Engineer: 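Quick one: structure below, then a few questions.
Remember, it's a predicted structure, so these values are computed and weren't measured experimentally.
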Amino acid sequence: MDRRAFVRSSAGAAAGLCLGSVACGSGEAARADAEAPDGGARGGRAMRWGVQLYTLRALMAEDLEGTLAEVAAIGYREVEFAGYFDRSPAEVREALAAAGLSAPATHLPLDTFRNQLGPTLETAAAIGHEYLVLPWVDAEERAHASDIERLADELNAFGAGCAAAGARFAYHNQAYDLMPVGGAPPLRTLLERTEPDVVTFELDIYWAVDGGGDPLEYFEAYPGRFELCHLKDRDTEGRMVDVGDGAIDFAAILGRAGAAGLSHYFVEHDTPEDPRGSVAASFRHLTALERRMG
């Protein structure tokens with residue numbers, strides 16, 4: 001099952017799982033903590049590295065609780081969901097608490113934002129998510145510049161709906177978002193046509209580079225717009241690899257994290273041969289890089 005089918009099926013199962021009061025209020029503090037005076041990565045605090053659990057989907061399907069415990073044992077402190085593997089929100093929250101993890105974000109398909117935003121926000125609040133993230137848009141929804149402009153209007157509406165419930169809406173880029181449509185990359189159009197108060201962005205570093213973009217240029221042009229990111233590496237032949245095994249300069253990227261607005265950093269590898277080994281290797285590289293950066 002590919003990523004789109006996986007998230008769609010998971011979101012459909014989760015949409016009406018549980019009602020709860022929406023109380024996600026940590027965003028402003030987290031964003032303030034992330035912004036060092038020099039635009040650096042930490043502001044004097046240790047990084048709370050996270051994992052996008054799609055990387056570990058096969059393990060999660062077999063043993064959600066055990067996999068979360070393994071993630072915490074590696075040293076991760078945050079996770080981002082892409083489906084709940086037939087667990088109720090209460091069960092997910094209990095598993096997170098047992099592992100000592102938080103789950104500030106989850107990925108959801110476009111149809112969920114269009115048709116099930118209310119119950120989805122209730123589920124998110126019951127689990128403890130702050131961010132609801134749109135991770136892709138199908139090709140027929142983004143073929144022309146007018147489609148991108150219309151999408152930006154929708155993102156503003158989704159963002160307003162999330163904000164009214166105390167949550168944040170985020171858009172996650174794919175490679176196609178960095179390739180011109182009607183003269184401009186869709187990501188640029190979306191950044192310029194969405195309201196910063198209600199729409200933030202999750203920059204996927206691999207897909208940004210794979211699409212021909214430069215993350216540092218986007219950080220400079222749109223400061224404060226990227227509150228989340230996916231950390232995954234790309235080798236010189238374009239293959240997705242563990243963080244540290246490719247050619248992306250993560251020191252430079254993390255060195256501008258404060259200027260970008262980054263608060264949450266999720267390691268991801270879409271198709272690792274060894275999911276456990278992949279997330280462990282990326283964590284080792286990031287923590288060593290953090291020590292070198294001081």
Engineer: Contact between Pro275 and Tyr54 at the side-chain level, heavy atoms closer than 4.5 Å - yes or no?
Structural biologist: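 They are not in contact (no side-chain heavy atoms under 4.5 Å apart), so the answer is no.
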Engineer: Using salt bridge (charged side-chain N to carboxylate O under 4.0 Å, His left out) as the criterion, list what pairs up with Glu154, not counting sequence neighbours.
Structural biologist: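 If we apply the salt bridge (charged side-chain N to carboxylate O under 4.0 Å, His left out) test to Glu154, skipping adjacent residues, the hits are Arg114.
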Engineer: What is the minimum heavy-atom distance between Val92 and Ile127, and which atoms define it?
Structural biologist: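 Closest approach of Val92 to Ile127, heavy atoms only: CG1-CG2, 3.8 Å.
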Engineer: Run the numbers on Asp242 and Lys232 for salt bridge (charged side-chain N to carboxylate O under 4.0 Å, His left out), then give the verdict.
Structural biologist: CA-CA 6 Å; Asp242 299 337; Lys232 53 196 190 193; over 6 Å; no
Engineer: Testing His172, His269, Glu80, Arg57 for side-chain hydrogen bond (donor to acceptor under 3.5 Å, both in side chains) with Gln52, which one passes?
Structural biologist: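 Answer after filtering His172, His269, Glu80, Arg57: Glu80.
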Engineer: Who passes salt bridge (charged side-chain N to carboxylate O under 4.0 Å, His left out) against Arg234, sequence neighbours left out?
Structural biologist: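 By the salt bridge (charged side-chain N to carboxylate O under 4.0 Å, His left out) rule, Arg234 matches Asp210.
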Engineer: List in chain and number order the residues that pass side chain to side chain donor-acceptor pair (under 3.5 Å) with Tyr222, two or more places apart in sequence or in another chain; answer none if no residue qualifies.
Structural biologist: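 Partners of Tyr222 under the side chain to side chain donor-acceptor pair (under 3.5 Å) test: Arg188, Glu192.
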Engineer: Would you mind checking if Asp153 and Arg150 are paired as a salt bridge, meaning a charged N to carboxylate O distance below 4.0 Å?
Structural biologist: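 So Arg150 does not pair with Asp153 through a salt bridge.
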Engineer: Going by the rule side chain to side chain donor-acceptor pair (under 3.5 Å), which residues pair with Asp235 if we only count those two or more places apart in sequence or in a different chain?
Structural biologist: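 Listed in chain order: Arg239.
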Engineer: Please answer whether the main-chain N or O of Ala126 pairs with a side-chain N or O of Arg93 as donor and acceptor at a distance below 3.5 Å.
Structural biologist: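 It does hold such a pair.
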Engineer: Is any side-chain heavy atom of Arg87 closer than 4.5 Å to a side-chain heavy atom of Glu65?
Structural biologist: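 SC-SC contact between Arg87 and Glu65 confirmed.
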Engineer: Of all residues at least two apart in sequence or in a different chain, which pass the salt bridge (charged side-chain N to carboxylate O under 4.0 Å, His left out) check with Glu195?
Structural biologist: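 Scan of Glu195 (salt bridge (charged side-chain N to carboxylate O under 4.0 Å, His left out), adjacent residues dropped) gives none.
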Engineer: Quick one: do Arg168 and Glu130 make a salt bridge, cutoff under 4.0 Å?
Structural biologist: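 Looking at Arg168 and Glu130, the cut-off is not met.
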Engineer: Tell me, please, which residues at least two apart from Thr67 pass side chain to side chain donor-acceptor pair (under 3.5 Å).
Structural biologist: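 Thr67: no side chain to side chain donor-acceptor pair (under 3.5 Å) contacts found.
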Engineer: Are the aromatic ring centres of Trp49 and Tyr265 under 6.0 angstrom apart?
Structural biologist: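 Between Trp49 and Tyr265, the centre distance is under 6.0 Å.
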Engineer: Taking ring pair (Phe, Tyr, Trp, His ring centres under 6.0 Å) as the test, write out the residues that go with Phe219, two or more places apart.
Structural biologist: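 Checked Phe219 against ring pair (Phe, Tyr, Trp, His ring centres under 6.0 Å); matches are Phe226.
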Engineer: Taking everything shown except Glu273 itself, do over 12 heavy atoms lie less than 6.0 Å from its CD?
Structural biologist: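 It does not: Glu273 CD has 12 such atoms or fewer within range.
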Engineer: Using salt bridge (charged side-chain N to carboxylate O under 4.0 Å, His left out) as the criterion, list what pairs up with Asp233, not counting sequence neighbours.
Structural biologist: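 Testing Asp233 for salt bridge (charged side-chain N to carboxylate O under 4.0 Å, His left out), a comparison that skips the adjacent residues, returns none.
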Engineer: Among residues at least two apart in sequence or on other chains, which ones pass side chain to side chain contact (heavy atoms under 4.5 Å, CB included) with Ala103?
Structural biologist: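 Ala103 satisfies side chain to side chain contact (heavy atoms under 4.5 Å, CB included) with Val79, Phe81, Leu96, His129 only.
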Engineer: Tell me, please, which residues at least two apart from Phe113 pass ring pair (Phe, Tyr, Trp, His ring centres under 6.0 Å).
Structural biologist: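 Residues passing ring pair (Phe, Tyr, Trp, His ring centres under 6.0 Å) with Phe113: Phe158, Phe169.
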Engineer: Which pairs, with at least one residue in residues 181-202 and sequence neighbours excluded, count as a ring pair (Phe, Tyr, Trp, His ring centres under 6.0 Å)?
Structural biologist: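 Found none.
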Engineer: List the residues meeting side chain to side chain donor-acceptor pair (under 3.5 Å) with Glu149, not counting sequence neighbours, and say none if there are none.
Structural biologist: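 For Glu149 there are no side chain to side chain donor-acceptor pair (under 3.5 Å) partners, ignoring immediate neighbours.
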